[in-house]
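All values reported here derive from a predicted model rather than from experimental measurement. When a residue number appears, it is its place in the shown sequence, counting from 1.
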Amino acid sequence: MRRPRGEPDSRAPRSTERVTCAGPGESWSPSPTSMLRILLSAQTSPARLSGLLLVPPVQPCCLGPSKSGDRPCGGSPVQGLQRLLEQARSPGELLRWLSQNPTKVRAHHYPVALRRLGQLLVSQPRPSPVEQSTLQDLSQLIIRNCPSFDVHTIHVCLHLAVLLGFPSDGPLLCALERERRSRLPPKPPSPHQPATHGGQRLEMALSCPHFLRYPRQHLIRSLAEARPEELTPHVMVLLAQHLARHRLREPQLLEAIAHFLVVEEAQLNSKVVQKLVLPFGRLNYLPLEQQFIPCLERILAREAGMAPLATVNILMSLCQLQCLPFRALEFVFSPSFINHISGTPPSLIVRRYLSLLDTAVELELPEYQGPRLPQRQRVPIFPQPLITDRARCKYSHKDIVAEGLRQLLGEEKYCRDLTVPPGYCTDFLLCVGSSGAVLPVRTQDPFLPYPPRSCRQDQADSNPTTQDSTQRVVLMLRERWHFCRDGRVLLGSRALRERHLGLMGYQLLPLPFEELESQRGLPQLKSYLRQKLQALGLRWGPEGG
């Protein structure tokens, strides 16, 4: 039967795989300090590989002239070849386009081919092995032509070859590295003009005041162009702090930090680890790296007594990820640890974190049977609006929502910024009777008992959760800065607060910023709040009916 037009021949060898690329006698083993080789470890899946090709698509106009003076962006045949490479369906087809069109091939076509090779490796759920001869021929083609490459093309090819798993001591990487060194002989950095390669380039990018204009592209490009040995703990800490500070939930970069932490475990102390782990809890991101949590548990077991504040900082991040290790909890709740931190400068902040951890144990870990924080050591967790909310109060919707509630319900029927046990500050709190009527707060106890009087199963099976019939409704403002940048994922601290309030028995009514920003004026906002409250079955006065 004749094949449909345009359909590839099923008899042709399909050549997509997770590349190991080692020829006869060649071997490749990951170096503990080599970030890029860590990312291409043996257990890397095709789905993971798609996130590891950090180099953006290569554009002819940005690569510059080759050593022989050819400009890559001139002429439609050159551009047509690039399109063919970008649309190639197999490594064999890539090789054919490069080897059979010698007059049209330019230097920038080789990184395009390597990048397309990486895309092919993740296009199949179960890639079949690539013929060694095809990969060796492609390597030889690049080796033969790399003397005509410009510096940037050499860097891109070198990095892509490492990402694709070509052996570090194989002929391709050796040839590219030799060309790189011949173009850029090592020079001592000038005190007024530091070197701009590798980890130093990434460090400079993170320190640039105008860096936030295009943070994702610059970060990924800087990480991709860094030499593996230059990705030190200091550089990775800068990267982690930058992601956390600017709420950048970038899976590629977070996975790179997780791999670095796992492989460098033996060389990292808890003070460095707390900084590397910070963005995961803040950005509410649990990495795919399977050894991430076991690695942190080993570090906590090894160094928990050496840096108390770093220990609880790591546990705080794990608490936000809902991955608290029992062994570490038993240690920080032990009398010896608590006595050790008493009277020290970080004592108050450690006690606040321990109070939050104790709340997490109470609400989320009923199977935990170890020691708990003594009552006399507990302090309120978040007794007032967070610093970010206070700093951005002029951009907040809290005032206009308060005015809408005042006109809709009356001042006596809601509380603003009320702190409920064990120390969570609420935006707005309403007390609701069994009939759905909103009750004056002064006539009710606005607090639910803590610890909850009934177990969580009773809370799930019965409503209300307290001995009285009054229900407590918490209106949660979800402002734009409560989310990761350019995403809909709540920051870890926000998600944790809402999770705990819900487990304590409060009914949550989120008010997302998109909905609040779409209201034009107070009348529209009142109508919006009325609809939200009525959807819960609430009624009040003549307007509630």
* To do: Please list, chain by chain and in numerical order, all residues satisfying salt bridge (Lys or Arg N to Asp or Glu O under 4.0 Å) with R282, sequence neighbours excluded.
  =>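 For R282 there are no salt bridge (Lys or Arg N to Asp or Glu O under 4.0 Å) partners, ignoring immediate neighbours.
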Can you tell me if [X] uses its side chain to pair, donor with acceptor, with the backbone of [Y] under 3.5 Å?
{"X": "R494", "Y": "R478", "answer": "no"}
{"X": "S139", "Y": "L172", "answer": "no"}
{"X": "R247", "Y": "F483", "answer": "yes"}
{"X": "R497", "Y": "C425", "answer": "yes"}
{"X": "R249", "Y": "L283", "answer": "yes"}
{"X": "R116", "Y": "L94", "answer": "no"}

* For F292, enumerate each residue passing the ring-ring contact (aromatic ring centres under 6.0 Å, His included) test, keeping only those at least two apart in sequence or located in another chain. =>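 F292 satisfies ring-ring contact (aromatic ring centres under 6.0 Å, His included) with F280 once adjacent residues are dropped.
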* To do: List in chain and number order the residues that pass ring-ring contact (aromatic ring centres under 6.0 Å, His included) with H482, two or more places apart in sequence or in another chain; answer none if no residue qualifies.
  =>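 With sequence neighbours excluded, H482 shows a ring-ring contact (aromatic ring centres under 6.0 Å, His included) to no residue whatsoever.
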Nearest-0.5 Å distance that lies between atom [atom1] in [X] and atom [atom2] in [Y]:
{"X": "L373", "Y": "L329", "atom1": "CG", "atom2": "CG", "answer": "11.5 Å"}
{"X": "F149", "Y": "L176", "atom1": "CZ", "atom2": "CG", "answer": "7.5 Å"}
{"X": "Q241", "Y": "L276", "atom1": "CD", "atom2": "CG", "answer": "9.0 Å"}
{"X": "M316", "Y": "L354", "atom1": "CE", "atom2": "CG", "answer": "10.0 Å"}
{"X": "L253", "Y": "L248", "atom1": "CG", "atom2": "CG", "answer": "8.5 Å"}
{"X": "H259", "Y": "C295", "atom1": "NE2", "atom2": "SG", "answer": "12.0 Å"}

* Asked: Please walk me through it: do T311 and E303 pass side-chain contact (heavy atoms from CB on, under 4.5 Å)?
  -> CA-CA 8 Å; T311 298; E303 299 211 5; over 6 Å; no
* **With L278 via side chain to side chain contact (heavy atoms under 4.5 Å, CB included) - residues at least two apart** =>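 Partners of L278 under the side chain to side chain contact (heavy atoms under 4.5 Å, CB included) test: A244.
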For the student: nearest non-hydrogen atoms of [X] and [Y], plus distance:
{"X": "A328", "Y": "L315", "answer": "CB-CD2, 3.8 Å"}
{"X": "L254", "Y": "P279", "answer": "CD2-CB, 3.9 Å"}
{"X": "L356", "Y": "C319", "answer": "CD2-SG, 3.7 Å"}
{"X": "S347", "Y": "I341", "answer": "CB-O, 3.4 Å"}
{"X": "K275", "Y": "A240", "answer": "O-CB, 3.4 Å"}
{"X": "P452", "Y": "L363", "answer": "CG-CD2, 4.0 Å"}

* Asked: Given the rule in the side-chain contact (heavy atoms from CB on, under 4.5 Å) test, do V474 and D427 qualify, once you have shown the distances and angles that lead to the verdict?
  -> CA-CA 7 Å; V474 175; D427 295 324; 5.9 Å; no
* **CA sep, side-chain torsions, deciding dist, call: E177, R181, salt bridge (charged side-chain N to carboxylate O under 4.0 Å, His left out)** => CA-CA 6 Å; E177 180 65 20; R181 291 178 179 176; 3.0 Å; yes
* Asked: Where do V350 and I338 land on the side-chain contact (heavy atoms from CB on, under 4.5 Å) test, with the steps shown first?
  -> CA-CA 9 Å; V350 171; I338 295 174; over 6 Å; no
Test item: [X] and [Y] side chains (from C-beta on) under 4.5 Å apart, heavy atoms:
{"X": "N269", "Y": "M306", "result": "no"}
{"X": "Q291", "Y": "R298", "result": "yes"}
{"X": "L300", "Y": "L318", "result": "yes"}

* Asked: Run the salt bridge (charged side-chain N to carboxylate O under 4.0 Å, His left out) check on R488 and E514 step by step: do they pass?
  -> CA-CA 11 Å; R488 299 278 65 86; E514 304 99 328; 3.2 Å; yes
* To do: For S334, check side chain to side chain donor-acceptor pair (under 3.5 Å) against everything at least two apart and list the hits.
  =>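 If we apply the side chain to side chain donor-acceptor pair (under 3.5 Å) test to S334, skipping adjacent residues, the hits are S336.
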* To do: Examine the side chains of E255 and Y285 and answer whether a donor and an acceptor come within less than 3.5 Å of each other.
  =>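 Side-chain D/A pair, E255 to Y285: present.
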* Might you work through the salt bridge (charged side-chain N to carboxylate O under 4.0 Å, His left out) test for R327 and E330, ending with a clear yes or no? => CA-CA 5 Å; R327 184 178 176 185; E330 292 172 354; over 6 Å; no
* To do: Can you tell me which residue pairs pass the ring-ring contact (aromatic ring centres under 6.0 Å, His included) test with a partner in residues 332-354, sequence neighbours excluded?
  =>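 Of all non-adjacent pairs touching residues 332-354, those that pass ring-ring contact (aromatic ring centres under 6.0 Å, His included) are F331-F337.
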